[in-house]
Amino acid sequence: ELHIDSDKTSCINRAGIDIDKVNPIVYFPTIREYRKTGEKIGEAFKEGNKIREGSRAYFDNVAEECHSMRKGFFSENVRKEAVKKSGIERGMVAADIGAGSGFITEELIKNGAEVIAVDQSEEMISILKRKYNGIKALKGNGENLPVEESSVDAVFANMYLHHAENPETAIKEMVRILKPNGKLVITDLDKHEYHFLQSEQYDRWLGFDREEIKRWYENAGLKNISVECSGDECCADSNCGCSSAKITIFMAYGEKQEEK
């Protein structure tokens with residue numbers, strides 16, 4: 001019998017296999033095809049690991065320049081509107097997922113929040129600890145957060161989701177750490193076709209369809225969901241200077257259901 005870990009479906013998808021059709025009796029009529037399919041999945045896992053390690057190394061390398069790089073990508077209005085949307089108040093606890101050098105964290109501190117910042121890059125964590133006294137800066141994977149369940153009032157993820165291996169799993173994990181009635185605010189890229197962002201900045205996904213984000217929010221059990229234009233755009237030039245990206249940024253909002 002073939003067992004597929006639901007957390008690894010993104011690797012299965014990269015292998016070009018329809019997960020709904022994976023049945024040893026129907027889908028693998030011969031041992032040879034079974035082995036070939038296993039090889040495809042294995043190759044996809046290797047590719048996933050390669051992208052993951054490449055992404056981590058990329059952000060370690062650009063950590064010191066991340067703040068100045070961000071200024072060229074999008075405006076500070078993104079974080080102001082995200083924090084405003086959450087209704088965060090002084091003394092509340094907020095988590096910044098994929099925190100980078102502290103773009104969202106800084107705005108949360110200005111609003112008097114207690115901040116838990118999570119990032120996969122050790123260099124980014126070092127910068128966060130150096131820049132901001134009193135925050136919790138934790139190294140971790142956004143799909144397996146080192147944060148207790150139902151412990152924060154709001155979760156933010158700015159430009160993180162398109163780097164996540166499994167975005168829907170990441171959203172469910174963010175919801176896990178929210179208190180009942182806690183707020184989730186994600187700001188990220190709308191669907192686009194600028195492939196150089198994958199090869200140069202290790203983006204896993206070419207943005208997202210807003211209806212897809214809404215569906216993932218619903219599947220995570222959120223209420224009062226909205227996915228709308230943030231009013232801002234992300235701009236980036238390719239290393240060769242032969243291509244320029246200009247992508248609208250969406251803001252997704254939802255509230256965690258009260259426990260029954």
Side-chain angles (χ1 to χ4, degrees), residues 2-20 22 37-63 66 95-100 104 117-125 138-147 155-178 184-210 212-220 222 227 234 247 250 252:
L2 179 67
H3 297 279
I4 301 296
D5 185 340
S6 60
D7 288 341
K8 306 303 181 184
T9 53
S10 60
C11 292
I12 306 281
N13 291 337
R14 281 198 296 273
I17 297 166
D18 186 344
I19 188 64
D20 294 326
V22 175
T37 302
E39 288 171 3
K40 278 188 177 181
I41 294 172
E43 289 169 4
F45 272 113
K46 288 179 182 178
E47 181 63 22
N49 288 332
K50 180 180 178 182
I51 295 171
R52 190 182 307 112
E53 293 305 317
S55 177
R56 187 178 293 117
Y58 169 77
F59 284 105
D60 278 343
N61 289 335
V62 302
C66 190
D96 182 7
I97 310 306
I104 294 289
V118 180
D119 202 277
Q120 67 167 349
S121 165
E122 290 185 6
E123 293 300 321
M124 292 293 190
I125 293 299
L138 307 174
K139 182 182 177 183
N141 185 332
E143 295 164 53
N144 186 21
L145 294 170
V147 182
V155 176
F156 299 84
N158 178 63
M159 300 302 160
Y160 158 71
L161 205 64
H162 64 260
H163 289 288
E165 183 170 351
N166 190 321
E168 184 172 13
T169 298
I171 288 172
K172 289 179 178 177
E173 181 67 355
M174 292 182 221
V175 173
R176 179 188 67 80
I177 69 173
L178 277 174
L184 173 61
V185 183
I186 293 177
T187 41
D188 216 295
L189 305 177
D190 280 315
K191 202 168 186 65
H192 63 86
E193 296 297 330
Y194 296 103
H195 291 273
F196 74 85
L197 293 175
Q198 290 183 311
S199 59
E200 294 182 10
Q201 297 185 21
Y202 287 89
D203 290 13
R204 282 181 176 273
W205 307 97
L206 295 175
F208 302 97
D209 182 271
R210 294 183 193 178
E212 185 174 43
I213 297 294
K214 183 180 179 181
R215 185 171 65 254
W216 289 341
Y217 266 46
E218 290 171 346
N219 291 345
L222 295 174
V227 185
C234 179
I247 310 160
F250 68 80

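Worth saying up front: this structure is predicted, and the values here are computed from it rather than measured.
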How many angstroms lie between atom [atom1] of [X] and atom [atom2] of [Y], to the nearest 0.5 angstrom?
X    : Y    : atom1 : atom2 : answer
I104 : N158 : CD1   : CG    : 4.5 Å
T169 : W216 : OG1   : CH2   : 9.5 Å
D188 : F208 : CG    : CZ    : 5.5 Å
E123 : K139 : CD    : NZ    : 10.0 Å

Between [X] and [Y], what is the shortest heavy-atom contact and its length?
X    : Y    : result
I247 : D190 : CG2-O, 3.5 Å
R204 : H163 : CD-O, 3.1 Å
A252 : Y217 : O-OH, 3.1 Å
D119 : G98  : OD2-C, 3.4 Å
V118 : P146 : CG1-CD, 4.0 Å
A220 : K172 : CB-CG, 4.0 Å

With A164 via side-chain contact (heavy atoms from CB on, under 4.5 Å) - residues at least two apart: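 Applying side-chain contact (heavy atoms from CB on, under 4.5 Å) to A164 gives E143, Y160, A170.
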Residues which pass side-chain contact (heavy atoms from CB on, under 4.5 Å) with Q198, listed by chain and number, not counting sequence neighbours: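 Applying side-chain contact (heavy atoms from CB on, under 4.5 Å) to Q198 gives H195, D203, L206.
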Intermediate values then yes/no, side-chain contact (heavy atoms from CB on, under 4.5 Å), L161 and I171: CA-CA 8 Å; L161 205 64; I171 288 172; 4.1 Å; yes
Non-neighbouring partners of N219 that pass side-chain hydrogen bond (donor to acceptor under 3.5 Å, both in side chains), sequence neighbours left out: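 Residues passing side-chain hydrogen bond (donor to acceptor under 3.5 Å, both in side chains) with N219: E168.
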By side-chain hydrogen bond (donor to acceptor under 3.5 Å, both in side chains) - contacts of R215 (at least two apart):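 Per chain and number, R215 pairs via side-chain hydrogen bond (donor to acceptor under 3.5 Å, both in side chains) with no residue.
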Close side-chain approach of M174 and I186, heavy atoms under 4.5 Å: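 The answer is yes; the side chains approach within 4.5 Å.
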Close side-chain approach of V155 to V147, heavy-atom, < 4.5 Å: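 They are not in contact (no side-chain heavy atoms under 4.5 Å apart), so the answer is no.
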Working for side-chain contact (heavy atoms from CB on, under 4.5 Å), residues I97 and E173: CA-CA 11 Å; I97 310 306; E173 181 67 355; over 6 Å; no
Residues in ring-ring contact (aromatic ring centres under 6.0 Å, His included) contact with H192, at least two apart in sequence or another chain: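 Partners of H192 under the ring-ring contact (aromatic ring centres under 6.0 Å, His included) test: Y194.
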Candidates V227, T187, L189, D209 - the one meeting side chain to side chain contact (heavy atoms under 4.5 Å, CB included) with F250: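 Only one option passes, and that is V227.
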